[in-house]
Amino acid sequence: MAQKYQASRQWELINQFWVTDDAAIDLANFKSDRRNHKVSLWDPATNGVRYLKSLIYNLAARLGPDDWARLSRTSNREVGNPFAVKWEGQSVCLDYLQATIELGFIERNLDLRGANVLEIGAGYGRTCHTLLSNHDVAGYCIIDLKTTMELSRKYLRTVLDDEQFAKISWVTVDEVDIALSSRRFDLCVNIDSFAEMDPETVRGYQAQIDQTCTAFYTKNPVGKYLDGSLDGSSERSETVVSALETGLLRQVLDIHDSAAVRAAVPTFISAYQPGDKWRCVADEWAAPWSHYWQALYKKD
């Protein structure tokens, strides 16, 4: 008579290649190596998209009605074929999920009606797309490197209508001083790029913000990290060394220690203050990234 209780073919293979007879000899790292990847944890190295979609799904479940309303008004988000999930019939990716949360933070602290907006480092344009889709601003100026600007220009031309796109002006980094000398803005936005610039470049932009803007929103990391388990990078690699040299906040910390992140916040608030006449009116953790913070400053 065949055994009633026995391993399935799937588990026969797992026992052959993953949870072998030697699996219990040394428990030192078993929860983060291949033994546990077939017991209770998908291997992060080969399941990145699975974890990304799970993250998006869980974040989408926490969005409020205002967040979803902003997303609904932001059409053509599917351009570029992003990794996305559906929640209650609406498709959402991580980029625009962050964009609606960021804009919600700004809206709670600043009236954007008829505003002139300046963005330093627009990426491919998700923030501009979301803001122009939700507010009737007077104008939106983007400062960026030439190659990145070509990407955002093409993307925004694709996703925005003619009236929205006509509100955008473009300034390359070598035109900043002349192009902004006579302009004034109600809000400057910088998301995840001041931390990637040389410190003197950041200070130059802060001087421009001080001279031309009355409000400033930033979302950036509170410090640096050295953790090869996150991306496999060596601490001596050129990419890691160059990253540690950029930004105003170069202290290395454990970015997955909430106490260490919180302890770095006062320095973050101080470092990103554009000038003596500015004050931080709101700040909070910028989920989902453990070591990112967001703040809004206003000029007195």
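Everything numeric here is computed off the predicted structure, so don't read it as measured data.
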Report task. Decide yes or no for L63 and L71: does some side-chain heavy atom of the first lie under 4.5 Å from some side-chain heavy atom of the second? Result -> yes
I'd like a table of donor-acceptor pairs (distance under 3.5 Å, sequence neighbours excluded) in which one partner is a side-chain atom from residues 17-31, with atom names and distances.
unit_1 : atom_1 : unit_2 : atom_2 : d
T20    : OG1    : D22    : N      : 3.4
D26    : OD1    : A28    : N      : 3.0

Report task. Count the heavy atoms belonging to other residues, nucleotides or ligands that lie under 6.0 Å from OH of Y51, then report whether that count exceeds 12. Result -> yes
Query raised in the report: Would you say the side-chain atoms of N15 pair up with the backbone N or O of E12, donor to acceptor, closer than 3.5 Å?
Result: no
Which pairs of donor and acceptor atoms, one on a side chain in residues 267-274, lie under 3.5 Å apart (sequence neighbours left out)?
unit_1 : atom_1 : unit_2 : atom_2 : d
Q273   : NE2    : G275   : O      : 2.8
Q273   : NE2    : W278   : O      : 3.3

Report task. Decide if atom CZ of R262 counts as having more than 12 heavy atoms of other residues, nucleotides or ligands within a radius under 6.0 Å. Result -> no
Query raised in the report: N58 side chain to S54 main-chain N or O, any donor-acceptor pair under 3.5 Å?
Result: yes
Query raised in the report: Quick one: do I142 and I209 end up in the same hydrophobic cluster if we chain Ile, Leu, Val, Met, Phe, Trp and Tyr together by side-chain heavy atoms under 4.5 Å apart?
Result: no
Report task. State plainly whether the residues D210 and K277 are in salt-bridge range, i.e. N to O under 4.0 Å. Result -> no
Report summary line: Rounded to the nearest 0.5 angstrom, the CG-CH2 distance for L55 and W289 is 6.0 Å
**Report entry** Closest non-hydrogen atom pair between T130 and A99, with its separation
**Finding:** OG1-CB, 3.4 Å
**Report entry** Non-hydrogen atoms of P199 and L248 that approach each other most closely
**Finding:** O-CD2, 4.0 Å
Query raised in the report: What residues form a salt bridge (Lys or Arg N to Asp or Glu O under 4.0 Å) with D254, not counting sequence neighbours?
Result: none
Query raised in the report: Excluding sequence neighbours, so at least two apart, what forms side chain to side chain contact (heavy atoms under 4.5 Å, CB included) with S258?
Result: none
Query raised in the report: For D95, what residues pass the salt bridge (Lys or Arg N to Asp or Glu O under 4.0 Å) criterion, not counting sequence neighbours?
Result: none
Query - Pairs involving residues 114-159, ordered by first then second residue, that meet ring pair (Phe, Tyr, Trp, His ring centres under 6.0 Å) (sequence neighbours left out) - result: Y96-H129, Y124-Y155
N/O donor-acceptor pairs under 3.5 Å from side chains in residues 188-197, not counting sequence neighbours:
unit_1 : atom_1 : unit_2 : atom_2 : d
N190   : OD1    : F194   : N      : 3.2
N190   : OD1    : N220   : ND2    : 3.0
N190   : ND2    : I120   : O      : 2.9
N190   : ND2    : S193   : OG     : 2.5
D192   : OD1    : Y292   : OH     : 2.7
D192   : OD2    : Y292   : OH     : 3.4
S193   : OG     : I120   : O      : 3.4

Query raised in the report: If you measure from CG on L132 to CD on Q164, what distance do you get to the nearest 0.5 Å?
Result: 6.0 Å
Query raised in the report: Among the clusters formed by ILVMFWY side chains lying less than 4.5 Å apart, do V137 and W170 turn up in the same one?
Result: yes
Query raised in the report: Is L226 close to L244 at the side-chain level, that is, under 4.5 Å between some pair of heavy atoms?
Result: yes
Query raised in the report: Can you name the nearest heavy-atom pair linking S290 to H256, along with the distance?
Result: OG-CD2, 3.3 Å
Query raised in the report: So with a 6.0 Å cut-off around CZ of R9, is the heavy-atom count from everything else above 12?
Result: no
**Report entry** salt_bridge(K167, D136) N-O dist < 4.0 Å
**Finding:** yes
Query raised in the report: Given S133 and L160, is the side chain to side chain contact (heavy atoms under 4.5 Å, CB included) satisfied, shown in steps?
Result: CA-CA 8 Å; S133 298; L160 295 172; 4.2 Å; yes
Query - Separation of R108 CZ from E284 CD (nearest 0.5 Å) - result: 5.5 Å
Query raised in the report: Where is the tightest heavy-atom contact between Q90 and S72, given as atom of each residue plus distance?
Result: NE2-OG, 3.0 Å
Query raised in the report: Excluding sequence neighbours, so at least two apart, what forms side chain to side chain contact (heavy atoms under 4.5 Å, CB included) with T172?
Result: M149, D174, E175
Requested in this report: May I ask you to decide whether R157 forms a salt bridge with D162, counting only side-chain N to carboxylate O separations under 4.0 Å?
Outcome: yes
Query raised in the report: Between G114 and D186, what is the shortest heavy-atom contact and its length?
Result: O-OD2, 4.2 Å
Query raised in the report: Is the side chain of R77 donor-acceptor paired with the backbone N or O of P82 at a distance under 3.5 Å, no angle test?
Result: no
Query raised in the report: Under the side chain to side chain contact (heavy atoms under 4.5 Å, CB included) test, which residues partner D198, sequence neighbours left out?
Result: E200, T201, T246
Requested in this report: Say whether, by atom type as modelled, one donor and one acceptor occur between the side chain of W42 and the main chain of T46 under 3.5 angstrom.
Outcome: no
**Report entry** Neighbour count >12 (heavy atoms, 6.0 Å) for atom NZ, K154
**Finding:** no
Report summary line: Residue set satisfying ring-ring contact (aromatic ring centres under 6.0 Å, His included) with Y57, at least two apart, ordered chain then number -> W87
Query - Criterion side chain to side chain contact (heavy atoms under 4.5 Å, CB included) on D177 and Q208, from CA distance to verdict - result: CA-CA 8 Å; D177 289 336; Q208 285 288 350; 2.9 Å; yes
Query raised in the report: Between N134 and R70, is any side-chain donor less than 3.5 angstrom from a side-chain acceptor?
Result: no
Query - ring-ring contact (aromatic ring centres under 6.0 Å, His included) involving Y217 - partner list, sequence neighbours excluded - result: F105
Query raised in the report: Are L156 and L151 connected in the hydrophobic side-chain network, where two residues link if heavy atoms are under 4.5 Å apart?
Result: yes
Query raised in the report: Which residues satisfy the ring-ring contact (aromatic ring centres under 6.0 Å, His included) test with F185, sequence neighbours excluded?
Result: none
Requested in this report: Give the cluster check for F165 versus V79: same hydrophobic cluster or not, with ILVMFWY residues linked at side-chain heavy-atom distances below 4.5 Å.
Outcome: yes
